[in-house]
Student: 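Here you go, one structure.
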Number of protein chains: 2
Amino acid sequence: MTNSTPQLSHTIADIKAIIQRESRRVTSYDVAILAGVSQSAVSRCFKPGASVSKATYARVMQAAQDLDYTPNAAARSLITRRSNLVAVIVAGAVSQHYSDVLSELSRQFSVRGMHIILFNLPSESAMERTLAEVWQHQVDGAVVAARLSGEQAAEFERRRIPIVLFNRSLADRAVSAVVCNQEEAARAMVTRLAAAGHQRFAMIDGPGHSPIAQQRKRGVARRLEELGLPAPLVVAGAFDYASGARGLRDIIDRLGGVPDVIVCGNDLMAIGCLDSARHDFNIDVPGRLSVTGFDGIAAASWISYNLTTMRQPLHSMAHAAAEMLVGLVSGTGGAHERRTYSATFVGGGTARLGPA
Amino acid sequence: MTNSTPQLSHTIADIKAIIQRESRRVTSYDVAILAGVSQSAVSRCFKPGASVSKATYARVMQAAQDLDYTPNAAARSLITRRSNLVAVIVAGAVSQHYSDVLSELSRQFSVRGMHIILFNLPSESAMERTLAEVWQHQVDGAVVAARLSGEQAAEFERRRIPIVLFNRSLADRAVSAVVCNQEEAARAMVTRLAAAGHQRFAMIDGPGHSPIAQQRKRGVARRLEELGLPAPLVVAGAFDYASGARGLRDIIDRLGGVPDVIVCGNDLMAIGCLDSARHDFNIDVPGRLSVTGFDGIAAASWISYNLTTMRQPLHSMAHAAAEMLVGLVSGTGGAHERRTYSATFVGGGTARLGPA
DNA sequence: TTGTAAGCGTTATCAA
DNA sequence: TTGATAACGCTTACAA
């Protein structure tokens, strides 16, 4: 009983046993043997739009299923030079606020057969080290929601890895970005508040290194100046809940009383400020003091807060970022593009806005 | 002026030009040529603990830096069968709550030179499709915070990919997991409430498919039974803010009044319930009605809420999950281990707890 | 439509 | 310590 037809002697169990014994992975070779075709035929079956006959395709797919075969992404990426991997680089604290941005990015990329490698910077300064790891993984592109220097952006370009900045920009380089116009948002907020009669503005700022905080602060200051109103009292904050209460205390200390309105650098601080004003200081908000935020986070719309704020269209922005990056990766995306979104005013109930 | 010593004729600029022209990546070969050593010498320089002379190492590293060389992870993983990639599989809604779990996992893995590929399930049912993508990427392990069937867990085992379940478990299989004892937490909550005199319990449940919701519900029901108190009125919820208000309304409708306490399936619903009770129904909490949650999210400790809840040690749990998975991947981790954490009681101010 | 064979960029083995 | 050389598992001309 010799094997006159060796390929037929290989049953599913045979092949599986061999693989087990050699403790290796199931390869397209194994599938080819089982299906009685060449290895390249197997490869073609897994490439959309390749030329394979219906019969071959069926046999190969059956064999692949029998063996639990899945193409090896590493081997594929080695030859195609496409990893179908996208780096998402976020700075530590950011990831809290951006969790649904991450979900949306994940969904959008996954629809296009791409997946996210997450690079979570412990601190903004860890970028250099992180980039070294990014290069290793041969990502097809990157969404960057963290501080990137011009030189670092240049290195992406040199390596031909397209990037899309998320709510960040780069003064000295043309680079694709999706941003929300923070200065415009701040100006719009001031305009509404001023129109409703607010005159004495105070502001709880975000961390000094945050460009978003800077832009919001600048927008507030400039618009006030244009309107001929006094410059705002600005106190420091860190974008977290505790900063809101601390900021309020600082403002009261410095002013010896409350201003007409406290414009907070983000919603989280506004909520902290609001809670402290009402419960620690027994201040009537909005009766005696108006409090506003930026972002439009979920908690801002909770009944207890009903915060007056400017909402960033984060979902749309995430969608756009994914779309742009996919365009750049596949080469259909043209040149550097910058998409700017506007925040929308959310009336809320923490500011005296007068008859609407 | 002929090139009598060809290898010396290759300057950095020469090599870079060649690479540019052939539009390929910088390889260890290029570095080898520039450094005047063999390709395998270069490879060894990038392998920690390999045997290389100091002089060779220095020359190679200099050349690598000159050319911006980084080892190609795909090629490496092909031969080593280690991708240094870990899949983190989470179900859509979960990712909101778990954003700092994700941060912690990312930090822990990154310290060990591993990175996270994110798989965000749009719905719990998309697991099959997702797994197919997981196999392709040859991940070294996976943290699963989503519904996994016994068969699916078995497939991980067959492929020798270690997994750690996060706040999930599997009845019919031995599998590593990090969990918080939800039933115990629920029982502890009921015990405290009962001791303080609460008798009529109502509960806003989580979504039916959530094991966490089931365990919390069971804990509440069983402990009440043990204490000889009436079974709770249970209404449906979906773990979101709006469910809290809806649940409260349902309870009031069904009861024609308020119970002594509403035990909510999580903090988000408790906050919604609390807001609605105070602002829609003008109910004194905790004076006339106690409201409690589970989880210990950031908002629970905000002044406006100061929620009575059971806090899960998510940070420690994430740390443990990463540690366990790294152990399993590197083979030092022993067998299936299950680490169970206890939630801690947070007194808060939304329940009448009597003299502490 | 199919099979053959040459890479892709590493690591691992084994002499030297 | 070093350098040839053989994998790793795939895609892609090219020839049949």
Side-chain angles (χ1 to χ4, degrees), chain A residues 7 15 18-19 22-60 63-64 67-85 135-138 140 159, chain B residues 7 15 18-19 22-60 64 67-85 113 135-138 140 159:
Chain A
Q7 74 279 14
I15 296 179
I18 293 171
I19 292 166
E22 300 177 350
S23 95
R24 54 179 185 79
R25 293 177 165 130
V26 182
T27 70
S28 52
Y29 248 100
D30 302 313
V31 177
I33 292 173
L34 182 60
V37 298
S38 74
Q39 181 271 337
S40 53
V42 175
S43 175
R44 276 186 219 108
C45 289
F46 283 89
K47 180 188 168 148
S51 120
V52 209
S53 74
K54 267 216 142 50
T56 306
Y57 182 83
R59 291 232 306 287
V60 167
L67 296 177
D68 286 330
Y69 167 76
T70 330
N72 181 322
R76 169 181 291 167
S77 99
L78 200 52
I79 186 88
T80 61
R81 287 159 158 161
R82 292 268 264 105
S83 62
N84 290 320
L85 252 26
W135 308 145
Q136 297 215 353
H137 285 286
Q138 315 289 125
D140 294 339
R159 293 175 184 265
Chain B
Q7 74 278 13
I15 296 179
I18 292 171
I19 291 165
E22 299 176 352
S23 93
R24 55 179 183 79
R25 293 175 165 132
V26 181
T27 71
S28 52
Y29 246 100
D30 303 312
V31 176
I33 292 174
L34 182 60
V37 297
S38 75
Q39 182 272 336
S40 42
V42 175
S43 175
R44 277 193 290 267
C45 289
F46 284 89
K47 179 185 167 150
S51 118
V52 208
S53 73
K54 266 216 143 48
T56 307
Y57 182 82
R59 290 234 305 287
V60 166
L67 296 176
D68 285 330
Y69 167 76
T70 331
N72 182 322
R76 169 182 291 168
S77 100
L78 198 52
I79 188 84
T80 60
R81 285 157 160 166
R82 291 270 264 105
S83 62
N84 291 321
L85 253 24
W135 309 145
Q136 297 215 353
H137 285 285
Q138 313 289 123
D140 294 339
R159 293 174 184 265

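Within every chain, numbering begins at 1; the chains are lettered A, B, ... in the order of the sequence lines, protein sequences first and strands thereafter. The figures here come from the full heavy-atom set of this structure, side chains too, leaving out hydrogens, waters and symmetry mates.
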Student: Quick one: list whatever passes side-chain contact (heavy atoms from CB on, under 4.5 Å) with R24(B), sequence neighbours left out.
Tutor: R81(A), I18(B), I19(B), E22(B), T27(B), D30(B)

Student: Does anyone know the first and last nucleotide of DNA chain C in reach of chain B, 5' to 3', at under 4.0 angstrom to a heavy atom?
Tutor: dG9(C) to dA12(C)

Student: Enumerate the residues from residues 37-45 of chain A whose closest heavy atom to DNA chain C is under 4.0 Å, giving them by residue number; use none for an empty result.
Tutor: V37(A), S38(A), S40(A), A41(A), R44(A)

Student: What contact category does S51(B) fall into here, base, sugar-phosphate, or nothing, at under 4.0 angstrom with non-hydrogen atoms?
Tutor: base

Student: Check DNA chain C against residues 70-83 of chain A and give the residues with a non-hydrogen atom under 4.0 Å, in numerical order.
Tutor: L78(A), I79(A), R81(A)

Student: Please give me the minimum heavy-atom distance between S83(B) and H137(A), naming the atom from each residue.
Tutor: O-CE1, 4.0 Å

Student: Tell me the interatomic distance from K47(B), atom NZ, to dT2(D), atom P, rounded to whole angstroms.
Tutor: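 In whole Å, dT2(D) P lies 16 Å from K47(B) NZ.
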
Student: What pairs with R159(A) under salt bridge (Lys or Arg N to Asp or Glu O under 4.0 Å), at least two apart in sequence or on another chain?
Tutor: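 Once residues adjacent in sequence are excluded, the partners of R159(A) under the salt bridge (Lys or Arg N to Asp or Glu O under 4.0 Å) criterion are E155(A).
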
Student: Could you check how far CD1 of I19(A) sits from P of dC8(D), rounded to whole Å?
Tutor: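 Taking atom P of dC8(D) as the reference, CD1 of I19(A) is at 13 Å.
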
Student: Closest heavy-atom contact between V60(B) and V31(B)?
Tutor: O-CG1, 3.8 Å

Student: Taking all non-hydrogen atoms of both residues into account, name the closest pair between D140(A) and N84(A) and its distance.
Tutor: OD2-N, 2.6 Å

Student: Rounded to whole angstroms, how far apart are NZ on K54(B) and C1' on dT2(D)?
Tutor: 18 Å

Student: In a table with atom names and distances, give each donor-acceptor pair under 3.5 Å that connects a side chain of residues 39-49 of chain B to protein atoms at least two apart or in another chain.
Tutor:
{"from": "Q39(B)", "atom 1": "NE2", "to": "S28(B)", "atom 2": "OG", "distance (Å)": "2.9"}
{"from": "S40(B)", "atom 1": "OG", "to": "S38(B)", "atom 2": "OG", "distance (Å)": "3.2"}

Student: For S77(A), enumerate each residue passing the side-chain hydrogen bond (donor to acceptor under 3.5 Å, both in side chains) test, keeping only those at least two apart in sequence or located in another chain.
Tutor: none

Student: Excluding sequence neighbours, so at least two apart, what forms side-chain contact (heavy atoms from CB on, under 4.5 Å) with Q138(A)?
Tutor: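 Only R25(B), N72(B) meet the side-chain contact (heavy atoms from CB on, under 4.5 Å) criterion with Q138(A).
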
Student: To check you understand the geometry: which heavy-atom pair defines the closest contact between A75(B) and L78(A), and what is its length?
Tutor: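 A75(B) and L78(A) have their closest heavy atoms at CB-CD1, 3.6 Å.
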
Student: What's Y57(B) touching, base or sugar-phosphate or nothing? Going by heavy atoms closer than 4.0 Å.
Tutor: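 No contact.
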
Student: For T80(A), enumerate each residue passing the side-chain hydrogen bond (donor to acceptor under 3.5 Å, both in side chains) test, keeping only those at least two apart in sequence or located in another chain.
Tutor: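 side-chain hydrogen bond (donor to acceptor under 3.5 Å, both in side chains) list for T80(A), sorted by chain: empty.
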
Student: Quick check on the helix from dT1(C)-dA16(D) to dA16(C)-dT1(D): what's the angle between its two end axes, five base pairs per end, to the nearest 10°?
Tutor: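 The value is 30°.
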
